[in-house]
Asks: 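If you scroll down you'll find the structure; I have some questions about it.
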Amino acid sequence: MRSNGRAFHPIHLLLDSNSSRSAHGKRLRIKARRLRCCRSGDLMHSPRRFLIVFLAFLASASVVRSAVAAQAYLIADAQTGYILEEQEPRKKLQVGSLTKIATACVVLDWSERKSSDLNGAVTIPPEAFQGTTENNIGFQPGDSVTLRDLLYAALVQSDNIAAYTLAYHVGSQLGSVETGAKLTPADMFVAQMNALAKQLKMERTRFVNPHGIDWKVKPLPYSTAEDMARLTRYAMNKPSFRFYVSQKERQISFNRQGHQLNYVLRNTNDLLGKNGIDGVKTGRSSRAGDCLILYANRESEVVRNGQMETVYPRHLMVVLLGSTNRFGEGAALMQRGWQIYDQWAAAGRTADPKKIL
């Protein structure tokens, strides 16, 4: 159910949903005793009505505590694209490093079209360090690293230098276009990112760089929960992308003046590997707040009808934008999503075409 754009949980679920329920329940019991002492006619003489009031009061308080504070979110069945629940799904927001999902898709699409070997090494250009304040891996201009390890760095540890280097290399391979302005390799690549967005009907999205940095950037990039869900479905249909984002750790190597250096990447998604979650990506900036996209799987459901069997793959996706507690809210939304999914499946999986991504 929804009210004023907020997600509301069923009462029987909320009774067990909050760790502070015992103290809250004590206060409610005090109020209940006061109610029993008052002479309010039907309420005093009707245990059933009292129970209804008690449950309604408890549900109301729990709803306030459990309401999602993020600016936007979306829960969808990833298999069909059916939206199970949403809040401000078409609101334009900054999405930070979620942008790198599009970056990886353009690289993988290019590699498939050109039969390019992702084990080929490329050189990190000086331009990759412009506007980037973090360099956790310790890359330097001139370092040589494979495209595959750059993809791992961009998707697992959300490295901006790796994302830009991918864009610079692939953009330089795309060839020239008829335009009045001279485009850099990164500009060429970003044009492909926006072309992909158009192809996926991401009508409220604009990419301006390959990493999602929005500090001192004009025009500002933006997207929506709905558009990022479309992009994620596209990306997760690629086996290689699914493998990259499922890695909790990954060692990469790069060459610096003839010396091999190693670095162990650690995934920025704290929920990875928990409750069937095997992706996808985190994002953060001062404008975007905390962003998160989760993808989870359960064993396929087999429905038998006489001699016929129908297999339903169960994949759930959560997109969360503008949060201050992305992992807490993300975990709660994923749990909520499976509850809604089970109800939807039990009702026959009917889907409103207007709510298909």
Side-chain angles (χ1 to χ4, degrees), residues 1-3 5-18 59 62-63 66-70 72-90 98 101 224-237 241-242 245-246 269-281 291-305 308-321 323 325-357:
M1 295 182 293
R2 288 182 296 169
S3 176
R6 295 286 184 174
F8 286 75
H9 299 241
I11 292 173
H12 67 280
L13 297 173
L14 284 168
L15 289 173
D16 296 324
S17 67
N18 194 288
S62 298
V63 162
S66 64
V68 174
Y73 74 82
L74 181 146
I75 306 171
D77 169 41
Q79 183 70 20
T80 62
Y82 180 60
I83 299 172
L84 299 169
E85 189 169 273
E86 59 191 16
Q87 174 178 292
E88 299 286 1
R90 294 174 57 78
L98 298 185
I101 298 173
T224 68
E226 188 176 274
D227 280 0
M228 292 309 297
R230 290 190 175 96
L231 176 63
T232 300
R233 285 191 74 213
Y234 179 80
M236 291 298 280
N237 277 325
F241 182 91
R242 288 201 307 272
V245 297
S246 70
N269 182 0
D270 289 355
L271 297 178
L272 190 67
K274 300 177 181 178
N275 300 316
I277 294 173
D278 61 358
V280 175
K281 187 77 185 69
C291 303
L292 179 66
I293 299 180
L294 298 173
Y295 196 97
N297 299 283
R298 284 183 175 176
E299 185 177 350
S300 296
E301 180 183 359
V302 179
V303 177
R304 293 178 175 83
N305 186 6
M308 301 216 25
E309 286 188 352
T310 305
V311 179
Y312 293 99
R314 295 190 291 178
H315 308 303
L316 198 66
M317 177 171 52
V318 169
V319 179
L320 183 68
L321 304 182
S323 173
N325 178 24
R326 60 184 171 188
F327 297 123
E329 291 188 330
L333 284 174
M334 183 60 73
Q335 181 182 15
R336 165 74 173 157
W338 282 122
Q339 293 164 356
I340 301 172
Y341 179 96
D342 289 341
Q343 295 168 4
W344 174 63
R349 290 184 170 83
T350 57
D352 181 351
K354 294 180 180 178
K355 297 190 70 176
I356 300 289
L357 291 170

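In what follows, every heavy atom counts, from backbone to side chain, and hydrogens, waters and symmetry copies are set aside. Since this is a predicted model, take the numbers as computed values, not measurements.
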Asks: Quick one: CG on Leu292 to CG on Asp270, what's the gap to the nearest 0.5 Å?
Replies: 9.0 Å
Asks: Looking at every heavy atom in both Ala235 and Ile101, which two are closest together, and how far apart are they?
Replies: CB-CG2, 3.8 Å
Asks: For Ala78 and Arg233, which heavy atoms make the closest approach, and how far apart are they?
Replies: O-NE, 2.9 Å
Asks: Looking only at non-hydrogen atoms, find the nearest pair between Leu74 and Ala229 and report the distance.
Replies: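 Closest pair (atom of Leu74, atom of Ala229, distance): CD2-CB, 3.9 Å.
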Asks: Considering all heavy atoms of both residues, which atom of Ser300 and which atom of Val311 are nearest to each other, and what is their separation?
Replies: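 For Ser300 and Val311, the tightest heavy-atom pair comes out as CB-CG1, 3.7 Å.
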Asks: Just how far is it from atom CZ of Arg349 to atom CG of Asp77, taken to the nearest 0.5 Å?
Replies: 7.5 Å
Asks: Exactly one of Asp278, Thr80, Asn297 should register a side chain to side chain donor-acceptor pair (under 3.5 Å) with His315. Which one does?
Replies: Asn297
Asks: Restricting to non-hydrogen atoms, name the atom on Leu320 and the atom on Ala70 that form the minimum distance, rounded to 0.1 Å.
Replies: CD1-CB, 3.3 Å
Asks: How far does CG of Leu84 sit from OH of Tyr341, to the nearest 0.5 angstrom?
Replies: 8.5 Å
Asks: Near Asn305 CG, under 6.0 Å, is it more than 12 heavy atoms from other residues, nucleotides or ligands?
Replies: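 Open.
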Asks: For Tyr82 versus Ala351, what's the shortest heavy-atom pair and its separation?
Replies: CD1-CB, 3.5 Å
Asks: Please indicate whether Asn237 has more than 12 foreign heavy atoms, meaning atoms of other residues, nucleotides or ligands, lying under 6.0 Å from its CG.
Replies: yes
Asks: Got a second to check how far Leu321's CG is from Ile293's CD1, nearest 0.5 Å?
Replies: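 Answer for the CG-CD1 pair, Leu321 versus Ile293, is 7.0 Å.
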Asks: If you round to the nearest 0.5 Å, how far is CG of Leu98 from CG of Asp227?
Replies: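 With rounding to 0.5 Å, CG (Asp227) is 12.5 Å from CG (Leu98).
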Asks: Enter the distance from Lys355:NZ to Glu85:CD here, rounded to the nearest 0.5 Å.
Replies: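 Nearest 0.5 Å value for the NZ-CD distance: 8.5 Å.
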Asks: Determine yes or no for a side-chain-to-main-chain donor-acceptor pair under 3.5 angstrom, with Glu329 supplying the side chain and Ala69 the backbone.
Replies: yes
Asks: Does Arg242 use its side chain to pair, donor to acceptor, with the backbone of Val280 at less than 3.5 Å?
Replies: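 Judged by distance alone, no pair lies under 3.5 Å.
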Asks: Mind checking salt bridge (Lys or Arg N to Asp or Glu O under 4.0 Å) for Asp342 and listing every partner two or more places apart, or none if nothing turns up?
Replies: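 With sequence neighbours excluded, Asp342 shows a salt bridge (Lys or Arg N to Asp or Glu O under 4.0 Å) to Arg298, given in chain and number order.
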Asks: Taking the side chain as every heavy atom from C-beta outward, state whether Leu357 and Glu226 have any pair of such atoms under 4.5 Å apart.
Replies: yes
